[in-house]
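All remarks here apply to the structure that follows.
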Amino acid sequence: MSTIQRDMSLTGDPKSINTQQKIASALGLTGFAILMAALFNVNFPNKTLWLTISLVAMGTGIVWFARAAYVHKHAGIKNDGVYFKSISSRGLWAYLIGIALTLFYVALYWFPQYLGVVKDGDNTGVVALFDPLSKFLSGNPASQWFLYGTLYTLAILSFGIKFIYKYRHNKYEIIRTISVMFFQLSLAFIIPEILVRLNQPYYDFKNIWPLNYELFAGYKIDEFLSAGDVGLIMLIFGILSIFVITPILTYKYGKRWYCSWVCGCGGLAETAGDPFRHLSDKSQAAWKIERWVVHSVVVFVTVMTTAVVFSYLKGNESQQISEWSQLENKVIFMSDAEGKPIGERILAAQKAGAKGVVFINEDPTKQPPNIEATEGITIDYAIVSESENAQALKNIENGKGAVLLNDYPNGPNFSIAEKQETVFYDNLWLSKDVFIWFVIILLTLVFGWVMLFKRKELAKDATYGAIGYFVVVISILLFTYFSSPGKLFFFDAYQLRKTYGFVIGAMFSGVIGVGFYPIFGSRVWCRFGCPMAAILGFQQRLFSKFRITTNGGQCISCGNCSTYCEMGIDVRAYAQKGENIVRSSCVGCGICSAVCPRGVLKLENDGMNGRIDSNEILLGNDVNLMDLVNRK
Amino acid sequence: MEHIVIIGNGIAGITAARHIRKLSDKKITIISAETEYFFSRTALMYVYMGHMKWNHLEPYESWFWEKNRLDLKKGFVEKIDTETKTLFFKEGDTLRYDKLVLATGSTTNTFGWEGLDLKGVLGLVSKQDLESLEQYAPNNLECPRAVIVGGGLIGVELAEMLRTRNIEVTFLVREKGFWTGVLPNPEAEMISRHIQSHGVDLRHETNLDKILGDADGNVRAVVTKEGEEIPCSIVGITTGVKPNIAFLQDSKIETDKGVLVNRNLETNIPGIFAIGDCAQQREPIGYRPAVEAVWYTGRMMGEVLAQTLCGNNMEYNPGHWFNSAKFFDIEYQTYGWVHSKRKLKDHEAQFHWKCESDQRCVTISFHKDTNVFLGINTFGIRMRHEVIDRWLTEKRSIDYVIEHLKEANFDPEFYKKYEPEICSAYTNQQTITA
């Protein structure tokens with residue numbers, strides 16, 4: 001019996017945890033308990049201290065737990081007991097955590113008052129606990145979103161370290177994880193807060209449309225435009241991200257550059273969500289649902305965004321001024337001479353309560369337009385030349401007073417007092433017509449390219465789906481364009497954005513996306529809901545150098561790759577027939593390659609030719625047979 | 001419509017069935033007594049380790065079989081009447097076939113030790129083996145120690161499995177190093193050290209004498225030929241596998257170790273074929289053993305036989321040998337022929353490199369006189385099958401292989417590259433021997 005050495009701390013049950021892990025758990029839970037106490041309105045005297053204790057305790061607890069779990073073991077795959085543990089195999093713990101997370105998201109989106117957000121007053125509860133940190137960063141008190149952002153970042157950082165311990169033999173995983181940790185901490189968390197402190201728009205540079213569906217919301221564009229050069233740079237960067245940066249990087253590296261290296265949703269899924277990655281549904285039925293749902297979201301977000309921008313551009317036209325425009329005591333500037341008579345516009349502004357109207361004549365070579373239909377106008381108005389009044393206009397924009405010279409030799413000059421509220425119309429370089437045609441042409445080009453050059457790569461249902469959606473979207477856009485100016489799609493743009501925000505932004509990405517981690521796996525949102533992932537995936541499938549290469553005939557169909565694919569891709573189905581994996585949904589996390597016991601899978605960027613290469617007969621067999629069967 | 005019956009739903013039988021379906025409309029029935037659906041036998045270990053559940057081992061969803069009109073029948077064939085082309089099942093029913101494919105795989109190979117019938121003596125080949133392991137070794141309270149007999153691929157897997165439940169493992173290996181019958185010594189020794197580093201009590205040059213039981217018929221201990229008694233609750237028998245052909249004893253099908261087949265994989269009875277682990281080539285092909293009990297060869301035989309059965313008569317003519325395995329954390333791949341010390345060919349020379357970490361090594365074998373590249377073993381470094389296969393076909397020199405080794409690297413991105421180290425080791429060695 002002397003040869004039997006039994007470690008008394010271990011029961012032999014692979015799901016048991018060791019003493020250090022127990023202490024670490026206790027430490028982490030202590031930190032969490034402070035948050036819970038604050039939630040139930042325990043008023044901590046020194047918030048800075050208690051918040052620090054809480055965050056440090058939780059972070060240290062997680063990191064220590066991970067250290068104790070992995071460091072004394074050999075470097076290598078650490079999936080022992082995954083399907084025996086309640087938390088990672090949809091047991092009781094999984095459901096409890098799922099419910100807790102879901103409740104948190106519900107409170108976050110719809111009942112922030114329970115977290116301690118007070119309208120027009122000082123924060124209370126757990127949000128108040130975060131005030132010191134928020135004030136330190138942005139100068140403002142915390143909101144429920146600041147609390148969320150802080151915990152989110154803490155989760156990515158601490159579980160990121162856990163992930164690095166777990167995969168410490170795998171350099172791809174280490175570098176990738178450091179990348180998501182960096183982008184979350186800097187671009188998503190700290191920099192936007194500092195921008196706010198510097199009186200600049202809140203902007204997360206890596207949050208690209210359509211994931212960031214609010215980017216082109218009217219209030220956001222106003223915010224950018226009123227922030228001068230910095231705002232303009234942000235807006236331009238946002239647009240470049242969509243049309244230039246994203247396509248280039250996706251072509252070169254596949255969508256992984258974003259989804260598992262940069263993105264915050266991906267960051268959380270890859271770190272805190274890692275213990276749940278295997279819970280994604282691998283069935284073919286799930287795949288079919290995925291394709292319809294995620295592409296419908298793309299259509300939804302495209303229509304919604306087009307509507308929002310369209311309505312913003314329309315709202316900028318002086319022709320659209322009506323008695324409901326809410327212009328009380330404001331001075332109105334307009335410059336578009338086409339369309340509705342200027343006199344009528346002035347009258348409309350008057351009905352909306354405007355104090356006066358200035359028409360800016362932008363072209364010095366042109367005669368100033370005549371104002372007709374002046375009957376009933378009682379407010380002051382003038383037509384001024386832009387070139388003659390350049391300095392005065394600039395002063396007005398900066399809130400100073402100025403006198404504008406009337407373009408008519410005998411007309412009275414127009415005085416504007418200091419701090420007079422003004423509204424500028426017709427000052428965007430983009431008109432609603434140009435915009436709508438831009439969208440129509442862009443969509444047509446993409447659709448045409450796919451149908452002409454890539455049609456054979458699409459499954460039959462994908463082709464039907466694409467044609468169907470294309471026809472619907474283009475009809476809506478054309479209808480909008482040709483219908484009377486009052487119509488705006490069939491829906492109100494604002495309502496459309498609100499609906500999208502509620503259904504997709506809150507319900508899908510938040511409640512289902514994260515709340516259901518322990519039930520459906522960590523990438524439910526990325527797989528079924530994220531329009532950004534769908535667009536990147538579309539490009540990845542059709543126009544990218546990225547693929548997962550299958551290594552000749554080495555696959556043994558063991559199923560580790562499919563099981564641990566967080567996106568629910570049946571990787572084995574491809575590997576066992578010697579076919580490279582080129583799938584829209586693949587986020588390039590690299591775990592299939594890591595868990596493969598036979599070295600079959602490798603993430604690669606290589607030429608476009610022979611990227612898929614399906615083989616009926618795998619390498620290793622009779623060369624004549626391979627030639628015979630694989631030649632097609 | 002011709003009725004093709006396949007006995008065995010492993011990789012060989014299922015591959016044959018899939019390819020026959022692709023090529024034809026024949027009626028296909030697949031019989032198994034083991035499981036309802038095809039599963040990956042090589043992945044049995046991951047279920048016990050908790051990496052996967054049973055359904056993850058099944059490469060095809062259950063709708064696949066009906067959709068492809070592959071009839072599945074669960075039953076145990078007891079007797080084959082080759083005259084009337086009829087199968088007789090243990091359950092009492094019968095089935096007629098037009099063509100019969102035997103793909104019955106392997107069972108655990110034993111050496112007639114005393115005590116083999118005790119409860120807790122098991123192999124690791126079938127689903128039933130996995131179930132008995134779960135029954136007799138659920139944790140280290142019920143099973144504080146296990147003894148594994150036989151240093152091969154299944155033995156090391158079983159050791160890894162048991163260690164995940166913190167069960168002490170004594171691993172009896174007849175040779176001086178792990179799997180020295182196949183691996184060159186430096187590699188075998190490195191793997192032995194790795195196995196020991198996982199807390200396995202690895203006993204080289206130790207042989208099983210008998211297994212002792214208690215009053216209830218459970219395993220109590222083993223006694224080694226060297227005279228030591230080792231208490232244990234289970235005994236894993238992993239001394240290789242043998243063709244699973246006991247049910248053919250009274251049939252007219254000719255057998256030796258396995259079912260004897262010609263190069264067309266046909267037995268002595270026309271219309272009856274054998275593929276996979278249960279088949280034995282009358283003449284071994286190249287350096288290949290007559291019975292090839294490997295996943296890949298099973299699949300390849302299935303691919304070939306489907307052609308023959310669908311009118312395109314084809315010999316089993318495999319390409320360059322390859323195989324792979326994983327020993328705890330160290331992955332192993334082999335291409336071409338790298339022989340162990342015992343089986344080393346006269347013309348074969350080997351270059352060996354080992355990483356300082358003791359976790360990686362490479363052996364390249366080449367022709368002593370012509371320098372032609374003959375094969376490569378890699379541990380801890382993944383290789384690209386296609387590239388190595390091409391080099392073997394092109395009969396590249398070892399110098400060429402060493403120089404271009406990085407082209408064959410298949411490790412994930414950002415992994416440290418060892419080719420410069422390997423290359424300089426090769427150059428230095430040449431200067432020494434020159």
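Atoms considered below: every heavy atom in the structure, side chains included; atoms not considered: hydrogens, waters and symmetry mates. Here is the naming used below: chain letters follow the sequence lines, and residue numbers restart at 1 for every chain. Because the structure is a prediction, the values reported are computed rather than measured.
- For a residue to count as touching a neighbouring chain, one of its non-hydrogen atoms must lie under 4.5 Å from one of that chain's; by this rule Lys73(A) does not touch chain B.
- In this structure, the side chains of Glu331(B) and Pro597(A) stay at 4.5 Å or more apart for every pair of heavy atoms.
- At a 4.5 Å heavy-atom cutoff, the contact between Asn317(B) and chain A is made by backbone and side-chain atoms alike.
- Contact check for Gln576(A) versus Tyr60(B): side-chain heavy atoms found under the 4.5 Å cut-off.
- Between Ser562(A) and His56(B), the side chains place no donor N or O within less than 3.5 Å of an acceptor N or O (distance only, hydrogens not considered).
- Using a 4.5 Å cut-off between heavy atoms, Glu58(B) touches chain A through its backbone atoms (N, CA, C, O) alone.
- Interface check for chain B: of the options Ile174(A), Val623(A), Leu601(A), the most heavy-atom pairs under 4.5 Å are formed by Leu601(A).
- Heavy-atom distances place both the backbone and the side chain of Leu603(A) under 4.5 Å from chain B.
- Contacts of Met52(B) with chain A are made by both backbone and side-chain atoms, with heavy-atom separations under 4.5 Å.
- If you take NZ on Lys602(A) and CG on Asn409(B), they are separated by 6.0 Å, rounding to the nearest 0.5 Å.
- Between chain A and the residues Cys143(B), Ala43(B), Ser197(B), the most heavy-atom pairs under 4.5 angstrom are made by Ser197(B).
- For His278(A) and His51(B), the ring centers are positioned 6.0 Å apart or more.
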Handout entry: Steps toward side-chain contact (heavy atoms from CB on, under 4.5 Å) verdict (Asn551(A), Arg382(B))
Key = CA-CA 10 Å; Asn551(A) 199 8; Arg382(B) 294 175 174 182; 5.6 Å; no
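- A salt bridge links Arg256(A) with Glu413(B): at least one charged nitrogen is closer than 4.0 Å to a carboxylate oxygen.
- Heavy-atom minimum distance, Tyr296(B) versus Gln554(A): OH-O, 2.7 Å.
- In this structure, the portions of Arg598(A) lying under 4.5 Å from any heavy atom of chain B include both its backbone and its side chain.
- Among the candidates Cys555(A), Gly76(A), Ala594(A), the residue making the largest number of heavy-atom pairs closer than 4.5 Å to chain B is Cys555(A).
- Heavy atoms closer than 4.5 Å to chain A are found in the side chain of Arg299(B), but not in its backbone.
- Counting heavy-atom pairs under 4.5 Å between each of Val600(A), Asp570(A), Ile617(A), Ile175(A) and chain B puts Ile617(A) at the top.
- Annotation: Phe64(B), atom CZ; neighbour count of heavy atoms from other residues, nucleotides and ligands within 6.0 Å is above 12.
- Heavy atoms closer than 4.5 Å to chain A are found in the side chain of Trp63(B), but not in its backbone.
- Heavy-atom pairs under 4.5 Å with chain A peak, among His385(B), Lys326(B), Met383(B), at His385(B).
- Taking OG of Ser283(A) as the start and CG of Asn55(B) as the end, the distance is 11.0 Å to the nearest 0.5 Å.
- Neither the backbone nor the side chain of Phe328(B) comes within contact range of chain A, judged by heavy atoms closer than 4.5 Å.
- Relative ring orientation between Phe414(B) and Trp261(A) is described as tilted, the plane-to-plane angle lying within the 30° to 60° band.
- If you measure heavy-atom distances from His19(B) to chain A, the contacts under 4.5 Å come from the side chain alone.
- Tested against Val629(A) for a side chain to side chain contact (heavy atoms under 4.5 Å, CB included), the candidates Glu303(B), Lys22(B), Gln307(B) yield a single pass: Gln307(B).
- Annotation: side chain of Ser557(A) is in contact with side chain of Trp295(B) (closest heavy-atom distance under 4.5 Å).
- When each of Gly552(A), Gly620(A), Ser88(A), Gly559(A) is checked for heavy-atom pairs under 4.5 Å with chain B, Gly620(A) comes out on top.
- Annotation: the span from Asp411(B) atom CG to Tyr172(A) atom OH amounts to 14.5 Å, rounded to 0.5 Å.
- Heavy atoms closer than 4.5 Å to chain A are found in the backbone of Glu315(B), but not in its side chain.
- Heavy-atom pairs under 4.5 Å with chain B were tallied for Asn560(A), Val82(A), Ile77(A), Asn621(A); the largest tally goes to Asn621(A).
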Handout entry: Working for side-chain contact (heavy atoms from CB on, under 4.5 Å), residues Thr563(A) and Tyr46(B)
Key = CA-CA 11 Å; Thr563(A) 305; Tyr46(B) 298 109; over 6 Å; no
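- Of the two parts of Val47(B), only the backbone, made up of N, CA, C and O, holds a non-hydrogen atom closer than 4.5 Å to a non-hydrogen atom of chain A.
- Within the 4.5 angstrom heavy-atom criterion, no atom of Met45(B) approaches chain A.
- In this structure, chain B has no heavy atom under 4.5 Å from any part of Glu173(A).
- If you measure heavy-atom distances from Leu618(A) to chain B, the contacts under 4.5 Å come from both the backbone and the side chain.
- Heavy-atom pairs under 4.5 Å with chain A were tallied for Ser324(B), Ala221(B), Pro318(B); the largest tally goes to Ser324(B).
- Of the two parts of Thr15(B), neither the backbone nor the side chain holds a non-hydrogen atom closer than 4.5 Å to a non-hydrogen atom of chain A.
- Proximity to chain A is limited to the side chain of Asn312(B), based on heavy atoms less than 4.5 angstrom apart.
- Scanning both residues, Val304(B) and Leu625(A), for their nearest heavy atoms gives CG2-CD2, 3.7 Å.
- Between chain A and the options His198(B), Lys53(B), Gln333(B), Glu61(B), the largest number of non-hydrogen pairs under 4.5 Å is found for His198(B).
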Exercise for the section: For Thr549(A) and Phe410(B), run side-chain contact (heavy atoms from CB on, under 4.5 Å): C-alpha distance rounded to whole Å, both residues' side-chain angles, the deciding distance at 0.1 Å, then the answer. Expected result: CA-CA 9 Å; Thr549(A) 305; Phe410(B) 202 69; 4.0 Å; yes
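- Side-chain contact of Asn170(A) with Tyr415(B): a donor-acceptor pair under 3.5 Å is present, judged by distance alone.
- Annotation: the span from Tyr48(B) atom OH to Asp80(A) atom CG amounts to 11.0 Å, rounded to 0.5 Å.
- Heavy atoms closer than 4.5 Å to chain A are found in the side chain of Tyr335(B), but not in its backbone.
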Handout entry: Candidate pair Cys558(A) and Arg41(B), rule side-chain contact (heavy atoms from CB on, under 4.5 Å), full reasoning
Key = CA-CA 8 Å; Cys558(A) 71; Arg41(B) 193 170 303 282; over 6 Å; no
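- The closest side-chain heavy-atom distance from Phe322(B) to Leu619(A) is not below 4.5 Å.
- Residue Val595(A): no heavy atom, backbone or side chain, is found under 4.5 Å from chain B.
- The local environment of NZ in Lys406(B) is sparse, with at most 12 non-hydrogen atoms from other residues, nucleotides or ligands closer than 6.0 Å.
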Practice task
Start with the C-alpha gap between Glu604(A) and Arg384(B), add the side-chain angles, then the distance that decides, and say whether salt bridge (charged side-chain N to carboxylate O under 4.0 Å, His left out) holds.
Solution key: CA-CA 13 Å; Glu604(A) 285 188 296; Arg384(B) 213 178 270 270; 2.5 Å; yes
